[in-house]
There are 2 protein chains.
Amino acid sequence: MPALAHHAPAAELADRLTRAEAACAQRGARLTDIRRTVLELILQAGEPIGAYALLDRLKDKSGQGKPPTVYRALDFLLAQGLIHRVERLNAFVGCHEEADHPHPVQFLICGECGNVAEFEDQAIGTAVATIASRSGFVVKRSIVEVEGVCAECATLAAG
Amino acid sequence: MPALAHHAPAAELADRLTRAEAACAQRGARLTDIRRTVLELILQAGEPIGAYALLDRLKDKSGQGKPPTVYRALDFLLAQGLIHRVERLNAFVGCHEEADHPHPVQFLICGECGNVAEFEDQAIGTAVATIASRSGFVVKRSIVEVEGVCAECATLAAG
DNA sequence: CGGGCGGGCGTTACGTTATAGCGTATCTGT
DNA sequence: ACAGATACGCTATAACGTAACGCCCGCCCG
Ligand SMILES: [Zn+2]
Ligand SMILES: [Zn+2]
Ligand SMILES: [Zn+2]
Ligand SMILES: [Zn+2]
């Protein structure tokens with residue numbers, strides 16, 4: 001498997017961090033050093049990263065940290081909608097959207113290269129809402145994670 | 001939370017086990033004692049049950065078992081399409097469908113009573129297929145798990 | 001200004017979920 | 001009977017996640 005991490009250019013990383021800071025400031029949430037560092041590590045990874053991998057990198061950077069350190073930061077970032085949790089992988093990715101608010105999320109997960117693409121399809125959201133309302137179910141959160149092989153990896157395998 | 005388990009009547013349980021046996025026999029898969037017992041325990045639970053809870057019950061029943069015992073049985077049952085894994089809960093449920101073959105699956109998960117309803121909505125499947133083909137993604141498995149509050153619990157809360 | 005309050009964090013300890021790896025037994029087909 | 005495949009027992013360990021307690025610091029109010 002290629003396993004290439006789509007490292008964003010440094011400029012984009014800085015931009016996303018700046019926007020995250022602005023979003024937090026706007027709603028009175030405190031993006032502390034630890035939280036900011038964890039977000040930065042997730043964005044740098046460019047692919048889903050687990051809590052303990054984050055912890056390792058956090059310790060490399062700042063010499064400190066225990067599991068609760070990183071889980072607390074993750075909880076904050078999730079609540080702010082700055083990252084998402086990929087249930088299938090027990091891992092986390094930066095939110096790819098411009099919007100600075102929580103939103104329903106759907107993923108395409110490539111089993112070959114490990115790449116995860118975030119998308120938001122209105123038809124899926126509508127279909128979920130329909131099936132739920134039909135049975136009186138009140139939706140709090142919907143998880144849509146599609147496993148398979150991305151176009152790039154499929155081409156490599158076929159060629 | 002009510003936490004009532006929807007224990008199926010014994011007759012239905014026996015029926016489902018019989019059909020599982022038939023399905024396995026038909027395709028040359030061996031539903032051994034352990035596998036059959038694990039399936040039975042899952043069906044008896046009537047709600048999602050974790051691997052270690054299964055292991056406890058398995059030990060109660062037969063006096064033996066370690067984690068790999070139950071995980072191997074689960075792998076088999078998943079491959080046969082007799083059970084499903086609920087990613088959000090790290091737990092397993094019996095397949096509710098009559099069909100004896102693997103199929104895409106969607107869940108409504110009630111956060112109040114813990115009940116999980118399996119359904120299969122064509123519109124969701126179509127929407128997923130559309131979004132995937134649009135980007136050349138080859139779908140292997142699609143996970144759709146909707147968290148919220150079931151009609152029953154919503155009524156209780158409102159009343 | 002000082003005291004109370006709440007959020008953020010350090011730390012210990014533990015709970016839960018899942019797999020690797022290896023040896024033995026059992027089954028299947030020839 | 002024999003060879004190969006499948007199933008299982010077992011030890012150990014990896015990987016993921018949380019409870020609970022106490023300290024510190026900034027903020028607010030009297
Ligand atoms: Zn997002
Ligand atoms: Zn790929
Ligand atoms: Zn099913
Ligand atoms: Zn309910």
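Just so you know, these numbers use all the heavy atoms, side chains as well, and skip hydrogens, waters and symmetry mates. Note that the structure is a prediction, hence the values are computed from the model and not measured.
- The nucleotide whose nearest atom lies closest to any side-chain atom of A:Y71 is, among C:dT19, D:dG17, C:dT12, D:dG17.
- Across D:dC10, D:dA19, D:dG17, the shortest atom-to-atom separation from the side chain of A:P68 is found for D:dA19.
- Taking atom CG of A:L58 as the reference point, atom C1' of C:dT11 lies 15 Å away to the nearest angstrom.
- Atom-to-atom, CG of A:D56 to C1' of D:dA14 comes out at 13 Å; the value is rounded to the nearest Å.
- For the pair A:E145 (side chain) and A:R88 (backbone), a donor-acceptor distance under 3.5 Å is present.
- Under 3.5 Å, the side chain of A:R72 and the base of C:dG10 form at least one donor-acceptor pair of N or O atoms.
- Nearest nucleotide to the B:N90 side chain, out of C:dT17, D:dT18, C:dG7: C:dT17.
- At least one side-chain nitrogen or oxygen of B:R35 sits closer than 4.0 Å to the OP1 or OP2 atom of D:dA7.
- B:Y52 contributes a side-chain N or O that forms a donor-acceptor pair with the base of C:dA18 under 3.5 Å.
- In this structure, A:T69 does not reach the C:dT11 phosphate: none of its side-chain N or O atoms is under 4.0 Å from OP1 or OP2.
- If you measure from atom CG of A:L78 to atom P of D:dG17, you get 11 Å, rounded to the nearest angstrom.
- D:dG17 atom P lies 11 Å from atom CG of A:L54, rounded to whole Å.
- The interatomic distance linking B:L31 (CG) with D:dA7 (C1') rounds to 13 Å, in whole Å.
- Look at B:R85 and you'll find a side-chain N or O under 4.0 angstrom from OP1 or OP2 of C:dA18.
- In the set D:dG17, C:dG8, D:dC8, D:dC8 carries the atom at the smallest distance from any side-chain atom of B:I34.
- Nearer to the 5' terminus of DNA chain C, by closest-nucleotide assignment, is the contact made by A:F76 (compared with the other of B:L89 and A:F76).
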- Stepwise, does the salt bridge (charged side-chain N to carboxylate O under 4.0 Å, His left out) test hold for A:R141 with B:E147? CA-CA 5 Å; A:R141 178 185 172 218; B:E147 294 181 80; 3.1 Å; yes
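- Checking B:D75 against A:Q64, the closest nucleotide of DNA chain C that is more toward the 5' end is the one next to A:Q64.
- Judged by distance alone, the side chain of A:E118 and the main-chain N or O of A:H96 form a donor-acceptor pair under 3.5 Å.
- Counting to the nearest Å, the P atom of D:dG17 and the CD atom of A:E87 are 9 Å from each other.
- Of the two residues contacting DNA chain D, namely B:D33 and A:G50, the nearest-nucleotide position lying further toward the 5' end is that of B:D33.
- By the 4.5 Å heavy-atom criterion applied to side chains, A:E40 and A:K61 are counted as neighbours.
- Under a cut-off of 6.0 angstrom, the local environment of CG in B:D60 is crowded, with over 12 non-hydrogen atoms contributed by other residues, nucleotides or ligands.
- Rounded to whole Å, the distance from CZ on B:R30 to C1' on C:dT28 is 8 Å.
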